[in-house]
Each structure stands twice: as C-alpha cells, then as structure tokens.
Amino acid sequence: MRRILWAALPLVLAACSIDQSRLGHFVTQTVQPGMPMEQALVRMQAEGFYCNAGSGAEAVISCTRTYERLVQKNCLERVDLVRSASSAKTVGAIDVLEVKCPK
C-alpha cells in the first residue's frame, strides 16, 4: 500500500504546480492579434475566463480565470487583451500575465 502512495505522490505534486508556458500556449491557440475583439471575448469566456470589458472604451481588457488546485489554494490566471491602435474593435496584442497564487 505504501508503494502505491509513494508512486502517486509525484502525480499529486504535479497537479499542484503552475505551468506558465502552458497557459501562454493555450491563450495563443484561443485568441490571436487581428481577430475581432468581440469574437476574442466570446472565446475567452467560453474557456472560463471572466473579461472586464467595462464601457468598451478601455484600451486594455483584463481577463481572469481561477485555476483550481487539489491540495493548495486556487490560483488566478490573468490575460490582458489590448485593443489595436488602428481599430478599437480588433485585438492588437495579447499579454499573458504571471499566474497569481496565494502563499
């Protein structure tokens, strides 16, 4: 029985770690610069992100999603969608911010 528990320990610990590059890859597969902002917001929300679009005039729209962990407290994944300088209705850039976890 102990062997099974020791064998499962790396899997449990891996489930608790944050892979920042995985989040970046996921986001770049979900939204891209040049796509309509409205479509980007719909796709992010479909993936579980809450995007604070406000009045729609902000240059940067912040999106967050809770990353649930088994053992430790949950973390917050954060992505900023930046409007294009030439068209406010288009995504100009995507900033994947560092995942925030409580200590």
Requested in this report: Report yes or no: do Val96 and Val82 belong to one cluster of Ile/Leu/Val/Met/Phe/Trp/Tyr joined by side chain heavy-atom distances under 4.5 Å?
Outcome: no

Query - Linked, directly or transitively: Val27 and Met35 (ILVMFWY side chains, under 4.5 Å) - result: yes

Of the non-hydrogen atoms in [X] and [Y], which two are nearest, and what is the gap between them?
{"X": "Ala88", "Y": "Met37", "result": "O-CB, 4.5 Å"}
{"X": "Pro33", "Y": "Gly92", "result": "CB-O, 3.6 Å"}
{"X": "Leu41", "Y": "Cys51", "result": "CD2-CB, 3.7 Å"}

Are any non-hydrogen side-chain atoms of [X] and [Y] less than 4.5 angstrom apart?
{"X": "Asp80", "Y": "Leu97", "value": "yes"}
{"X": "Val79", "Y": "Ile94", "value": "yes"}
{"X": "Phe26", "Y": "Glu47", "value": "yes"}
{"X": "Arg78", "Y": "Cys63", "value": "no"}

Drop me the distance from [X]'s [atom1] to [Y]'s [atom2], to the nearest 0.5 angstrom.
{"X": "Tyr50", "Y": "Ser62", "atom1": "OH", "atom2": "OG", "answer": "10.0 Å"}
{"X": "Glu77", "Y": "Leu23", "atom1": "CD", "atom2": "CG", "answer": "4.5 Å"}
{"X": "Thr30", "Y": "His25", "atom1": "OG1", "atom2": "NE2", "answer": "9.0 Å"}

Is it the case that the side chain of [X] and the backbone of [Y] share a donor-acceptor pair, with hydrogens and angles ignored and the cut-off at 3.5 Å?
{"X": "Gln32", "Y": "Ala93", "result": "no"}
{"X": "Arg83", "Y": "Thr90", "result": "no"}
{"X": "Arg65", "Y": "Leu76", "result": "no"}
{"X": "Ser87", "Y": "Ser84", "result": "no"}

Requested in this report: Say whether Asn74 and Thr66, considering side chains only, have a donor N or O and an acceptor N or O under 3.5 Å apart.
Outcome: no

**Report entry** Glu38 CD: over 12 foreign heavy atoms closer than 6.0 Å
**Finding:** no

